[in-house]
Every structure is written in C-alpha cells, then in structure tokens.
Asker: 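What follows is a single structure, and I will ask about it in a moment.
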Amino acid sequence: MTDALVEVNNLSVGFTGAGGATLAILRNVDFSFGKGETVGLVGESGCGKSTLALAMMGFLKPGLRVLEGDILFREHNLFAMNNNALEDIRGGDLALIPQNAGQALTPTSRIGRQIEESVRLHTTLAPERRRERVIELLSQVRLPEPEELLERYPHELSGGQQQRVAIAMALAGKPEVLLLDEPTTGLDVTTQAHVLELLRDLAAQTGTAMVYVSHDLGAVARVSDRIAVMYAGELVLQGPARQVLRNPAHPYARGLLLSIPKLKEAVVPSSMPGRPPPPGKAVQGCAFADRCTMAGQLCRDVSPPLVSTATDEVVRCHYHEKVENLPPPEPPRRGDGRSRDLSDTLLRLDDVSISYARPGVIDQILGRQPDVTPTVDDIVLDVARGETLGLVGESGSGKSSILNTIAGLRPPRKGTITFENDVSLNAPVDRRDTDLLRRVQLIFQNPDASLNPRHTVAELLAQPLRLYFGLNAGELRDRSVALLEHVRLGSHYLGRLPGQMSGGEKQRVAIARAFAAEPELVLCDEVTSALDVSVQAVVLDLLMELQARHNAAYVYVSHDLAVVRAIAGRVAVLYQGRLCEIGPSSKVYALPSHPYTEVLLGAVLEPDPDSIPVLMAEDAVELSPPARGCPFQRRCPHRIGTICDTTKPPWQKTGDGHVIRCHIPLMDLERRQRTKESARRL
Amino acid sequence: MFKLILRRLALGVLTLVMVTIIVFVGVEALPGDACTAYLGRDTALETKLAKCRDDFGLNQPAHERFFVWAGGALQGDLGISTRRNKPISDLVQIRLRNTLLLGAAASAVGIPIAILLGVIAALTRDRAADLWISTSAIFAMTLPEFISATLLILFFSVWLGWLPGIVITRPDAPVFEFLQDIILPIIALAFVMTAHILRMVRTCVIDVMASDYVQMAILKGVPYWQVVFRHVLPNALLPTINLVALTLAWLLGGTVVIEVVFNYPGLGRLMLDSVSDRDLALVQAIALILAVLYVGLNLVADLLSLVANPRLRTMKV
C-alpha cells in the first residue's frame, strides 16, 4: 500500500524483565492501513493488541520501550516526535476510544468541560463557539438532551452513555484515524449493538479510518473491512474480513472461530488445547506450534515468515495451504438437549421476590417492609435433578440476585425456595446445616476474587473436603488429585497459588472446589465471562462432563445468549427482575418469543459477515422496574396499549413447559415477529 | 446530600456528648475530688474539707453535677479552678488563642509545602528529587519532636543566636509580640505534619497518574502540566482533605511537647500543669475543648470532601 496513513514497520516492543533480560511483547509487527479503511485487530488477552493500538498513538505504557522498528503516521515517525507534535496529533488526527469509558473520564470534571477540552486543544474555534460544537458532537453520537448532559458528571451516566461521550470526545478533533480499544466490551448486548451501529455510521459519514481492537470476533465482524489476528505478540494473519471469518488461512484463527458458541446450535464449541505463551516469553519457531494439530518439526525450529496467499491474506504459517482442509479437532459435544425427567424436581422457587431497599428507622420500629417496588419479583422456577437451567438477561435483570438468594447470601423478601420438595432454602447461609451447604454450591464469575490468593490449590480443595467429609491427610491428597484430573489439571498444580495460574486454570480450580462437595445443585454466576473464548470452550466442555459424572443440576447465569444456548436445556429470560419467558431452549430461541427475548436475540453479534443485528428497542437503561404492568412496557417494540402499563401479563403456554409472559396473543405475536424477520432478510 | 450533611452533623453532636460523659466520668473515677486536691493531704481538716465540698457543690450526686457542669460548658462557663481560684474560661481563653495561633501558623506553612513536595515527589517518582523528598519525610516522621525542637534551639538560638530559644513573653501579650517567638515552634511542628501529608499526597498522585483517565487525557493530547492541574490534582487531593484535618487536630492537641520545650504558653502546657497540680476542673475543661476542636475539624473536613467530590455531592439520598 503506497497511500498508507499509518504504517507499522517491523515493530518490536518489550520491557526489561527480572534478571535484566529483554522480553518482547510485540514481535516484528508489520501493519498498515489507509484513509477510510476499517480494520479489526483481534486476539486473546495478552496477545499485544492493545499495546499495538496505543503504540499507534506514539504511546507506550510505563516500562515498555521500542526494541526495533517504527510507526509512521503520514510518513512521520511517531517515536521520533517531540512532545508538542505528539500532543497535536493525539486527540487530533489520531483519536482513541478507550475500553472502559467509565474509568477513562475524569471523575471530578463535568462532561461538557471534558469534551470542550478536546475541542479547545484541536480546533481553532473561538471560545464562545465551543459550547455549540460540544452540543453538536453529543447529538452526533445520539445522546438525548445534550444541553443538560453538559453539566453532568461521568458517574451520573450509564455505561452506554459514557461510551458515547468518549466517542464524542474522540470526534472533537475531527480525526483521520479512530483507534478503538475494546470499546463495547463492558456493555450489554443491546447497548453494544447500538454503539457499533453508531460507529459504522460515523465511519461511513466522515470517512474516518478505524482500527477496532477486540477479543470479540462478532463485534469485529460487524465493523471491519479487513481483519488482522494477533497471537503471542505477532501478527499471524491478515486479510479481507469475509475471508478471515469464513475460511482463515491460519490454524489459530480457525480454532478461535470454532471455539465461539453459536446461537443456532445447541452444542458446546470445540476447544483448542493449551494456552498462549505468557507475554514476553521468548519463542523458538512458531509461537502457536504447541497448540497446533498440524505442527511438524519445521514449525518448532523455524519461525514461519509472512507469506501472501491466493485469497488475499497475509499469513504466518508454514502449512497455510493445508488449513482449509483440516478436520474439526473433535466432534463437538452435544449441548444439554437430552431429555430429562423434569418431574424429579430438585429446586423450586415460588413467588420469590428480593428487595435491596433497607427499611428506614420508622419501618424497623414498626417491623414493616418499606413500600418500594422490589428488585426481583414474582419468580416461579423449577429445576429438575441433573438439568441445566440458563438464566439470561442484561445487567440489572436480577439474575445474580436470584442466585445469591438461592445460595442463602440474601434472604428473599417473600416467597418460598424449596430444595428436594421438603427442605426450605429460605434460611440464610449461616443457618443452614452442613449437609445442605454441601449439596448447594456456588461458582463465581471472577476466580481472582473467589480464590484466596494466599492459599495453594491443595489448601483450597482441602477446605470443602475436610468440612464436609472429614478426610484425613492421605485421603485428602488422593481426592484432590482426582478432582484436579476431573478438571484436566495435573497433580503438580497442588502446590500452586492462584497468582501462578492463568484465568482459565483458576476458574477450573474454582469448579473443582465446588465439585469437591459432591453437590446436587451448582449455581454458576457468569463463570466464563471473564475468560477468553478458547478457554471458555474448555470450561463449558468441562462443566458438561462433570454434570454427566455427578448428575448435578446447574443454574447457569449468563448475559451471553450463545453460551446459554450451548449449555442449557431450559432457559429463563429475565428483565428488570421479572420473568419474561421460560422453557426448553429450542423453544425459547425460536418464534414466537417474548418481545424482550426477540430484542436480545436480534442484538447478538455473530462472527459471520452476513449476520446483521436487528435493533428494535431503544437501548435506554432503566434504573428501576415499573411498579405495575409488564416489566418491558417502556422499551417494547410491540406494545399494544395501556394494558401493558397497568396489568401484569398472563402466562401464555405453548406446550413443553414453554411459557411467555405477554399480553399479545401468541398467534399474533408470532405473526408480527415473522413479518419483522422476513423484512430483515430482504 | 442534605440528608448526608444532617446525618454527619448529628453524628458530630453525638460524639461530643459521649466525650463529655467520658471526660466527666474519667475525672470522677480518680481517687479524691477537687477539694482533697485543693486542700492537699491535710486530712485533719475534716471540717474544712466538708465546708469546701459544700461551697463547690460537691455533695450533690454525680449526675446532677454533670448536668450543671455540661450545661455551664454549653454557655461557655467552664467552672472555677479550685487551685488557681479563677474562672476557668478566663484561664483557658488566652491559652487557646496562643495554641490556635501556633497551629494556624504551622499549618499555613506546612500544608502548602507538604502538597507541593508531595506532588513533586510523585511526578519525579523513583528519581533523585523523589528519593530526597521521600527519605527526608521518613526521617522527619521518625525524629521525635523534642529532639528536632532541641536541635533547632541548638542551631538557631544557641549557635547562631538568631531567634529566642524559649518564650518569655507573657501569655496574654498581644499576638504580634509572639511572632518572633513562634518561628522555631512552627518549624518543629511543620516538620512532622509536612512529612505525613506529603507521603499521602505522593501516594494519591501516583495512584491517579496510573489511572485510565489520566492516560486518556494524555492520549487526548492534553499538555503535561494541564494534565497535572486539571485531571490529576483535583482527584488526588480529595482524599488528603481528611488527613489534613486529622493532622490539624493532632497539631492542636499534641503540641504539649513542643510547648514544654519552648516554654510556650499554650493550652497543652496549661493542661500538663493542671494535671500535675491536680486541678481537676481545669483538666476536664481542657479535655473538653480539645475534643470539640477535634470533632469540629473532622466535621469540617468531611463536609469539605462532600462538597469537593462530585460523586458524593450529586448522591441522591
């Protein structure tokens, strides 16, 4: 490319590790793009994609330095510029949209002032015109009531609004290049879909080039013309988006695609063995060789050069011609489609409501409950022995509240929770007997927070074994080793501390700890959300295997509909702490659905160049559920009238235990939804 | 936010009431009373003792005396010093002025220096300037006040003869007569105070410098000093408000050593004297005043951080 806007030439970036060795986290990266191009930069955590994006602004995190190569912006070396020149370019020609806008906005400064700062630094507008420009920018990112927003502080905005403010701030300097560092990662699916559409439109309108950095191939697929894949600090594949997503020439990209759960298939995706080398590790030969099914001696000895393929890709693989014909690594495991005896009820929630409102002094004296709309209300659920019930919904939908209440961490305000037909789970955890505690186990989202960092794996596993089974030292060790083997970790992990393991390994230890109790009910709270997709696939597979072995029931909470599709036999959809729909997943994921389920499914992004999200409802964030009527009344695309605001919707049954809570007759609902879908296909 | 302020105020008042009770009960629990202290070990004078107790109203039950005392204190009447035979309010007033003068002067010097040095240390982290500042701060923190005070006297008054080594000005002299006297006490006090605040400021600035929003500001092209003044300092100095208040409160209550070394006629020295004289009413009064200052300063600090922190200010409770 001769008209490259940004050109990364043979760039290596590294730091000085313990013992004075130089460790590289970017190795010989060649990358460039021209005006108006949109490029996706993908890879799993630690592969160097964020470092590369920041380096394109001439910025390296403290401690990092350029070992080799350079980055040219309009043929000027960014690393040779003085501070003044860099300050002009940053936020001006090259603008960054950060990963977590909530943390990237200065908390003590008003929104208007922060955007105005960018306007002041990068345009020649007179001071009195700047306010106008800020309002224009806020409208451009489709924020309602921009004038009022100027006076707000970042913490008063929702995550989606904060992200839009960050986008407005980046647009202030009329940039030629937008660098997006995981801009939608922390957002809900519908918000993410809206923000992505906004970015696509902006890129099309303004002709700005975009580099979209993300671990999420679905999001990247939606915004990129070209995709570059990074692995262990190297750029291993680059090519047209369609080609990379359909038929990548690198085995890593192929494995990555295969490990993403799909909405349409109830199977646990196949996983890649192994894990990437830690950042900075010196690599002999091909960095991916250890995990590659077709690696030969050549791969282990010689680092593959970048070669161009007939399909317009540039790839770093000795055997790239063979990738296309690789057989799938293993037949994917069936999801929980097995027919279960649903009459063997293990857990029943009846009319449960949960409230976080603390009674005031007067209420406490009178012993009455505060009169506020409860956060979670009207929950009726059954879980059968050995089945998996998925709980899905966006943040604030009350999924985790329900799990915590089952686990006894927060007592329900009203309703009953029964275990095995006769044991009440209404009691808080400190009033449950040991055997009941053993039978119900909870696994948390973040193993960093749930595993004591000062306990070795042996100690972590010994605690439940001692508490519930009173094992002696010899038995403890045997049992611990067996548990580790069940989560596919060797006995050499016994002496490790959580800090010495990867995220996926830690989560596997957390799972092993839960299964040490030989539970009958395992509550999984977003257990794979913090993991990379390839690791997620391993953990999902493991959970299925353990379930089959122990006949345990799972209540699986996730915001990711595809993951729930892969693992759960039945699904409950929650909005604002109220059930919208519950039933076998094959029915919930098909029409007719509750309008909220339809909105959620429409917003899911799949790593498929032909999948177009359908944005139906506003992505407005609701802070509290409505006091009366249908919980989804304010955002529903099919609202039929005041009945939605005033009356609780009825349970409409379609058979097989599938119920939809909506006022619209099911026939009618299905017809409306089919019309919408066919309109979308055209 | 008003609810928060009200709650905070109520808490302050409650603390004061508790302090009043504790001070009263504490003094009450000591063996003997104001009259035995006043009359000394002369127990032969039973009739004198009885008359004294009668005069000072010590025969009433303790709770009644507490309400009389607390009620008086509320109106500024702290009782009469048995040993000094003067209203305590008169005795304390001038000493309080002197202590406040010393405290105010020391903080006027110490706080700006502490913030400045703390910011410099943070911005030059692990480089020469930081190492010098941080090391000196640790040194200043560990050096006991009486040693630093004695060294100051040795240098500036004994060897150089620039400043008076001890204060011989009358306690009730006008403020300007003290100006020369308080220079050395100020330096000695500012030493320790500066060190504490400086280290806190340094830590906070370093934390904020590593935050996402500072990185974002840099990547927005904001020039370095604007990043420091607009994005770093407003956030880094918020948590220091409370520490500054604590340090000030410590300063006012904890100047005893300095006041003794320099013979400065402040509240701390008066308290020390009253303890050794067993002038219990005076001890009680001074303890109460110091508690009010302590609680008051912390209250001001909490309200200030409430106002300065948008997150708290906009909280809807």
Side-chain angles (χ1 to χ4, degrees), chain A residues 50 53-54 56-63 83-111 113-122 151-157 162 165-166 169-170 172-173 175 179 181 358 360 623, chain B residues 1-4 6-7 10-11 14 119 122-127 130 201 204-241 304-317:
Chain A
S50 286
L54 292 179
M56 284 189 247
M57 301 196 79
F59 182 88
L60 296 174
K61 292 227 172 194
N83 280 336
N84 282 337
L86 274 177
E87 281 160 12
D88 274 349
I89 290 182
R90 290 173 179 165
D93 293 324
L94 288 167
L96 176 82
I97 297 177
Q99 168 162 19
N100 189 336
Q103 282 167 23
L105 295 171
T106 304
T108 49
S109 179
R110 292 175 201 273
I111 298 298
R113 213 182 103 139
Q114 297 197 43
I115 302 179
E116 200 201 292
E117 184 176 44
S118 284
V119 176
R120 176 172 61 80
L121 292 167
H122 300 294
E151 303 301 317
R152 300 276 204 91
Y153 286 97
H155 71 271
E156 297 177 276
L157 275 52
Q162 288 170 341
V165 167
M169 201 154 84
L179 296 160
D181 188 7
R358 287 228 313 264
L623 292 177
Chain B
M1 181 174 80
F2 286 106
K3 219 167 162 183
L4 264 183
L6 281 182
R7 196 183 297 168
L11 203 68
L14 188 72
V119 172
L123 297 182
T124 58
R125 188 182 179 184
D126 295 341
R127 278 180 273 154
D130 176 31
V201 169
C204 291
V205 171
I206 285 176
D207 283 353
V208 172
M209 286 296 281
S211 71
D212 283 0
Y213 55 86
V214 167
Q215 185 184 318
M216 187 64 217
I218 294 170
L219 293 176
K220 239 165 95 176
V222 181
Y224 183 76
W225 288 109
Q226 288 186 31
V227 172
V228 172
F229 281 102
R230 284 163 176 258
H231 296 273
V232 177
L233 292 188
N235 290 290
L237 296 185
L238 274 183
T240 54
I241 294 177
L304 260 182
S305 30
L306 204 67
V307 172
N309 189 341
R311 202 176 273 274
L312 296 175
R313 197 184 335 142
T314 55
M315 200 151 76
K316 292 181 187 75
V317 203

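Here is how names work: the chains are called A, B, and so on, in the same order as the sequence lines, proteins then strands, and each is numbered from 1.
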Asker: Any side-chain donor paired with an acceptor under 3.5 Å for A:T108 and B:N235?
Answerer: yes
Asker: What part of B:V232 lies closer than 4.5 angstrom to a heavy atom of chain A: side chain, backbone, both or neither?
Answerer: neither
Asker: Name, in order of residue number, those residues of residues 206-214 of chain B that have a heavy atom at a distance of less than 4.5 Å from a heavy atom in chain A; otherwise write 'none'.
Answerer: B:D212, B:Y213
Asker: Can you tell me which portion of A:Q99 sits under 4.5 Å from chain B's heavy atoms? Options are side chain, backbone, both or neither.
Answerer: neither
Asker: Whether the side chain of A:R152 engages the backbone of A:L157 through a donor-acceptor N/O pair (distance < 3.5 Å, no angle test) should be reported.
Answerer: no
Asker: Return the minimal non-hydrogen interatomic distance between A:T106 and B:H231, and the atom names on each side.
Answerer: OG1-ND1, 2.6 Å
Asker: Please check if the side chain of A:E156 supplies one atom and the backbone of A:Y153 the other of a donor-acceptor pair under 3.5 Å.
Answerer: yes
Asker: Are the side chains of B:L233 and B:V228 in contact, using a 4.5 Å heavy-atom criterion?
Answerer: yes
Asker: Might you point out which heavy atoms bring A:L96 and A:A170 nearest each other, and give the distance in Å?
Answerer: O-CB, 3.8 Å
Asker: Which answer fits B:L238, side chain, backbone, both or neither, if we ask what part of it has an atom under 4.5 Å from a heavy atom of chain A?
Answerer: side chain
Asker: With chain B as the partner, which of A:G91, A:A101, A:G173 has the greatest number of non-hydrogen pairs under 4.5 Å?
Answerer: A:G91
Asker: Which atom names give the shortest non-hydrogen contact between B:Q226 and A:L121, and what distance separates them?
Answerer: OE1-CD2, 4.2 Å
Asker: Most heavy-atom pairs under 4.5 angstrom with chain A, which of B:R230, B:K220, B:Q215, B:M216?
Answerer: B:K220
Asker: For A:L54, which atoms come within 4.5 Å of any heavy atom of chain B: side chain, backbone, both, or neither?
Answerer: side chain
Asker: Checking A:D181 now: which residues fulfil side chain to side chain donor-acceptor pair (under 3.5 Å) with it, not counting sequence neighbours?
Answerer: A:S50
Asker: Looking at A:G58, is its backbone amide N or carbonyl O close enough to the side chain of A:R90 to form a donor-acceptor pair, meaning the two atoms are under 3.5 Å apart?
Answerer: yes
